[in-house]
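Here is the structure we will look at.
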Amino acid sequence: MSKYKLVMLRHGEGAWNIENRFCSWVDQKLSGDGLLEAELCGKHLKSLGFEFDVVFTSILSRSIQTAWLILRELGQEWVPVQSSWRLNERHYGALIGLNRAELALNHGEEQVKLWRRSYDVAPPPIDESHPYYHEIHTDRRYACCDIQKDNLPKSESLKQVLDRLLPYWNDVIAPEIRKGKIILISAHGNSTRALIKHLEVFYVFPRRDL
């Protein structure tokens, strides 16, 4: 079996991570600690001798900021960066902006655990009455996606995250890896989790090279 180098990481801490709120597709910048985390990650990768050929991010600022800071620490700011909504964090629908602890008090720990940790159960969808609906769904970055804005998700399970991520993996990222390029993916907790799940299954039951 051929060997490849792929580094996947979650972005640094954002303000809503501190407040224990569902951030999802709300475009939060990194906190002070998040900036430091990204810089320390870059230093660590530098100590390991990584030289990246291509970097992939979501189109959310915290993912892009993390990649930039890592490349700066590596002295590799010139490395091409490609961004896609398909690497975005999971869309948490109506839960966006809510505090996880308060949600558990209102709906029960089991229900919140089901929304967060099950594979194929999506939270209730976001609608136009939601305070963050227009901030997310009128953002012009989503006019540049490879599908119509009206077809973008309003809520997602982890399975749906994987379903929208896989075309980008198969058509864009994996071909670069097959060429022998060293890849960095700066993404989010759930998009990374979904991709790792796919890769673990793939390598346990290999069907073809990548």
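One-based numbering along the sequence shown. Values in this document were obtained by computation on a predicted structure and should not be read as measured data.
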>> Does Lys154 form a side chain to side chain contact (heavy atoms under 4.5 Å, CB included) with Asp127? I'd like the steps, not just the answer.
In response: CA-CA 8 Å; Lys154 301 296 191 295; Asp127 61 30; over 6 Å; no
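- Atom NE2 of His130 sits about 7.5 Å away from atom CG of Leu95, to the nearest 0.5 Å.
- Side-chain polar atoms of Ser31 and Asp33 form no donor-acceptor pair below 3.5 angstrom.
- Among all heavy-atom pairs drawn from Lys181 and Val54, the shortest one is CD-CG2, 4.0 Å.
- Interatomic distance, CD of Gln65 versus NZ of Lys29, reported as 6.0 Å (0.5 Å rounding).
- Between His198 and Trp169, some side-chain heavy-atom pair lies under the 4.5 Å cut-off.
- Between the side chain of Asn17 and the backbone N or O of Gly14, at least one donor-acceptor pair lies under 3.5 Å.
- Taking 4.5 Å as the limit, some side-chain heavy atom of Ile126 sits within range of a side-chain heavy atom of His137.
- Around atom CD of Glu77, more than 12 heavy atoms belonging to other residues, nucleotides or ligands sit under 6.0 Å away.
- Listed for the Ser24 side chain is a donor-acceptor partner under 3.5 Å among the backbone atoms of Tyr92.
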>> If you apply the rule side chain to side chain contact (heavy atoms under 4.5 Å, CB included), what do you find for Arg193 with Val161, and how did you get there?
In response: CA-CA 10 Å; Arg193 181 177 157 220; Val161 174; over 6 Å; no
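- Judged purely by distance below 3.5 Å, without hydrogens or angles, the side chains of Ser186 and Thr57 never pair a donor atom with an acceptor atom.
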> Can His44 and Leu40 be said to form a side chain to side chain contact (heavy atoms under 4.5 Å, CB included), step by step?
Replying inline: CA-CA 6 Å; His44 182 60; Leu40 289 174; over 6 Å; no
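- Between Trp115 and His107, the angle of the ring planes goes over 60°, which puts this pair in the perpendicular group of the 30/60° scheme.
- Taken from CD in Gln160 to OH in Tyr119, the straight-line distance is 10.0 Å, to the nearest 0.5 Å.
- The number of heavy-atom neighbours closer than 6.0 Å to CD of Glu51, taken from other residues, nucleotides and ligands shown, is 12 or below.
- Taking the centre and axis of the six-membered ring of Phe22, the NZ or CZ atom of Arg100 falls inside the cone set by 45° and 6.0 Å.
- Between Glu13 and Glu37 the shortest side-chain heavy-atom distance falls below 4.5 Å.
- Side-chain contact check for Ser61 and Asp27: at least one donor-acceptor pair (N or O, by modelled atom type) lies under 3.5 Å.
- Cluster membership check: Leu35 does not share its hydrophobic cluster with Ile64, using side-chain heavy-atom separations under 4.5 Å among Ile, Leu, Val, Met, Phe, Trp and Tyr.
- Hydrophobic clustering (ILVMFWY, side-chain heavy atoms < 4.5 Å, transitive): Leu9 and Phe52 are in one cluster.
- The two residues Cys41 and Ile70 make their nearest non-hydrogen contact at SG-CD1, 3.8 Å.
- Side-chain contact between Lys43 and Glu73: present, with at least one pair of heavy atoms (C-beta onward) separated by less than 4.5 Å.
- Note on Met8 and Ile182: separate hydrophobic clusters, where clusters join Ile, Leu, Val, Met, Phe, Trp and Tyr whose side-chain heavy atoms are under 4.5 Å apart, directly or indirectly.
- Salt-bridge formation is detected for the pair Arg72/Glu39: a Lys NZ or Arg NE/NH1/NH2 atom is positioned less than 4.0 Å from an Asp or Glu carboxylate oxygen.
- Taking both residues in full, the closest heavy atoms of Asn20 and Ala101 are given as ND2-N, 3.8 Å, listed atom of the first, atom of the second, then distance.
- Contact between Phe50 and Gln76 at its shortest, heavy atoms only, is O-NE2, 2.9 Å.
- Of the inter-residue distances, the one linking Gln28 atom CD with Arg21 atom CZ reads 7.5 Å to the nearest 0.5 angstrom.
- Using a 4.5 Å heavy-atom cutoff, the side chains of Leu87 and Thr192 are not in contact.
- Across all non-hydrogen atoms, the minimal contact from Trp25 to His91 is CD2-CD2, 3.7 Å.
- The line from OG of Ser118 to CG of Leu158 is 8.5 Å long, rounded to the nearest 0.5 Å.
- You'll find the side chain of His188 reaches within 4.5 Å of the side chain of His11, heavy atoms only.
- Other residues, nucleotides and ligands place more than 12 heavy atoms under 6.0 Å from the CH2 atom of Trp16.
- Side-chain contact between Ile183 and Val7 is absent, with no heavy atoms from C-beta onward closer than 4.5 Å.
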> Passes side chain to side chain contact (heavy atoms under 4.5 Å, CB included), Ile147 versus Arg86? Steps please.
Replying inline: CA-CA 10 Å; Ile147 63 172; Arg86 292 184 181 275; 3.7 Å; yes
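- Each of Ile18 and Leu30 belongs to its own hydrophobic cluster when Ile, Leu, Val, Met, Phe, Trp and Tyr are linked at side-chain heavy-atom distances under 4.5 angstrom.
- In this structure, the ring of Tyr168 has its center no less than 6.0 angstrom from the ring center of Trp85.
- Between the side chain of Glu89 and the main chain of Asn190, a donor-acceptor pair closer than 3.5 Å is present.
- Heavy-atom neighbours of Lys149 NZ from other residues, nucleotides or ligands within 6.0 Å: above the threshold of 12.
- Side-chain atoms of Asp139 do not come within 3.5 Å of backbone N or O of Tyr142 as any donor-acceptor pair.
- Looking at Glu156 and Arg90, no side-chain N of the basic residue comes within less than 4.0 Å of a carboxylate O on the acidic one, giving no salt bridge.
- Listed here is the closest heavy atom pair of Ser83 and Ser58: CB-O, 3.4 Å.
- Atoms CD1 and CG, on Ile185 and Leu165 in that order, are 7.5 Å from each other to the nearest 0.5 Å.
- A salt bridge does not link Glu110 to Lys113: none of the charged side-chain nitrogens sits closer than 4.0 Å to a carboxylate oxygen.
- Counting only heavy atoms from C-beta outward, the side chains of Phe56 and Leu184 never approach each other to under 4.5 Å.
- Linking Ile, Leu, Val, Met, Phe, Trp and Tyr whenever their side-chain heavy atoms come within less than 4.5 Å puts Val79 and Leu48 in one cluster.
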